[in-house]
Amino acid sequence: MNNKFIPIISVFMTISLVVFTSFQFYWLKGYYSALEQEFSNKVYSALESSAKTINEIEINKYLNEDYKNFGKTVLAGKNQPSLTTISQVEDSASRRSLTYTRSILEQQNIPISKRGDSLKLATLRTDENLIRLKLDSTERQPLTTDLSRSLENGDYTTKEFAGIVGSNLPISKRVNDRVLDSVVTKELKIRGISTPIGFAVFDKNEKPTKIVNSLFKKEEKDPYRYPLFTDGQDRTLFTLNLVFPRKDYSLARNNLPMLLGTFMSLLTILGIYIISINYMMRQKKIAEVKTDFINNMSHEFKTPLATISVATDSLANDKIATNPEKVKYYSALIKQENLRMKKQVENVLNMSKLERNEMELFLKETDVRALINRMADSFKLIVEKRDGVIEKDFTATKHIFKIDEFHMSNALINLLDNANKYSPEAPKINIKTKNEGNWYVIEIKDQGMGMETLNKGKIFEKFFREETGNIHNVKGQGLGLSYVKKIIELHKGQILVESAKDQGSTFTIKLPMV
């Protein structure tokens, strides 16, 4: 892929992700609104059934407990001519009387002879029930002319009578909080709602009554409302209010598979987007460093090839050919440059093997101190050409253990070469060894240009080379430190770096001696 298209593709991918995510959240918002509407419908259905059930419980209480004889008396005279009246009188500021009167005319024929003579008897039976009520702040239902007429005509049922009685009672006498909680909870569970509820009964002036639970007191959200008791003209006397402190959790729990699937798809797409962008950026970076690698490799090969070409042409000269010393000098130069190119090729091949995990170590007992000493002495000539110095501080008492001598030598040479190349002035390199438990520690310290803190984690990456203005002012392919790290890890060791800009770097190698 052409590097110039990567930013364009990244922009389009970002726009697509933002649009897709926006639509997903818009859909989730609509879906949640639909869930809330469905929840509200279920709640109002439960409230309606609950109000109906509580009214029936109240009426049955009056008929079966408080006024049970009232129903029996009416039933006894159901086939007889009757007159029914209800009257109410307020006899003081604190008492009210509600009187129910039913008069029944019972007729009988008593035979007194075989010829058909009979005695006609008429009995008037009167049943009167007096109910005394305490006045409260509730507005009571008046006994209107229409209501009296319907009672006289027999159109008013006993349940309606019980309703009149209830409308004159305080709410605490009509329902208690345990019954209310039980009924409402049952109706909600029937409709699939099992979350905790807060409830309260409000009067017609929107003021809370004594019927209220603790959850309702803590919740500040707008409650669901439904009439609980009404008067004869269907005007609301009391209102049942419900709140759901954990409604959002309940909705999410009941629709967990759908919501979880949506969020997982969003996370998956977001993850793919991040991985894709990161992969493209890495590919762009790799393409750039590979280009730099090819340029540096060409430069590294160009110099020895030019030197070999000049030396070959010189050997072809008759004057030089007849001079044994000149022939020996140019032959040695050709061999040196040839070895230099061979080393570059071996570095690349070794890295390929390491990447494919094909590198094998040949471990043997080695005097590591002697090995480091030889590497330092061989590199000493290169440093001295720049008026530099190599200092040695070997304090490790245990220094014989198994290593791959060839690859460890290459790793040490790479570190020494870096210390030399990245020292702008006369290099000053310090090599130190010591024992830390079962570890053999090697420290190679320079006083060169150092590196930026953000690059400390990148220097062991393949092809990475810290920018220093001109890419050719420090030669190399960016493979040295990557190779060193791989070799140390194959030895089950560790390599660490400490560095600061313009203050030098210290590379620490820890090798296990077991």
* Minimal non-hydrogen separation, Ile488 against Ile495, with atom names -> CG2-N, 4.2 Å

* Heavy-atom closest contact (Gly437 atom, Met513 atom, distance) -> O-CE, 3.9 Å

* Closest non-hydrogen atom pair between Ile429 and Ile444, with its separation -> CG2-CG2, 4.1 Å

* Structure fact -> Residues Pro227 and Ala51: closest non-hydrogen pair is O-CB, 3.5 Å

* Side-chain contact test, heavy atoms from C-beta onward, threshold under 4.5 Å: evaluate it for Tyr224 versus Phe244 and give yes or no. => yes

* Is the Phe238 ring parallel, tilted or perpendicular to the Phe229 ring (thresholds 30°, 60°)? -> perpendicular

* Asked: So do the side chains of Ser45 and Arg191 get within less than 4.5 Å of each other, counting heavy atoms only?
  -> yes

* Structure fact -> On a heavy-atom basis, the closest approach of His407 and Asp404 is N-OD1, 3.1 Å

* **Any Val43 side-chain heavy atom under 4.5 Å of Tyr226 side chain** => no

* So do the side chains of Leu228 and Ile54 get within less than 4.5 Å of each other, counting heavy atoms only? -> yes

* So, Lys42 and Glu187, do they make that salt bridge, N to O below 4.0 Å? -> no

* Just wondering, do Met408 and Leu371 contact through their side chains at under 4.5 Å, heavy atoms? -> yes

* To do: Go through Glu36 and Lys247 one step at a time and tell me if the salt bridge (Lys or Arg N to Asp or Glu O under 4.0 Å) criterion holds.
  => CA-CA 9 Å; Glu36 279 195 318; Lys247 182 180 76 172; 3.4 Å; yes

* Asked: Is any side-chain heavy atom of Leu180 less than 4.5 Å from a side-chain heavy atom of Arg178?
  -> no

* Residue list, salt bridge (Lys or Arg N to Asp or Glu O under 4.0 Å) with Glu436, at least two apart or on another chain -> Lys434, Lys510

* If you measure from the Lys or Arg side-chain nitrogens to the Asp or Glu carboxylate oxygens, is any gap between Lys392 and Asp377 under 4.0 Å? -> yes

* **Phe401 ring center within less than 6.0 Å of Tyr440 ring center** => yes

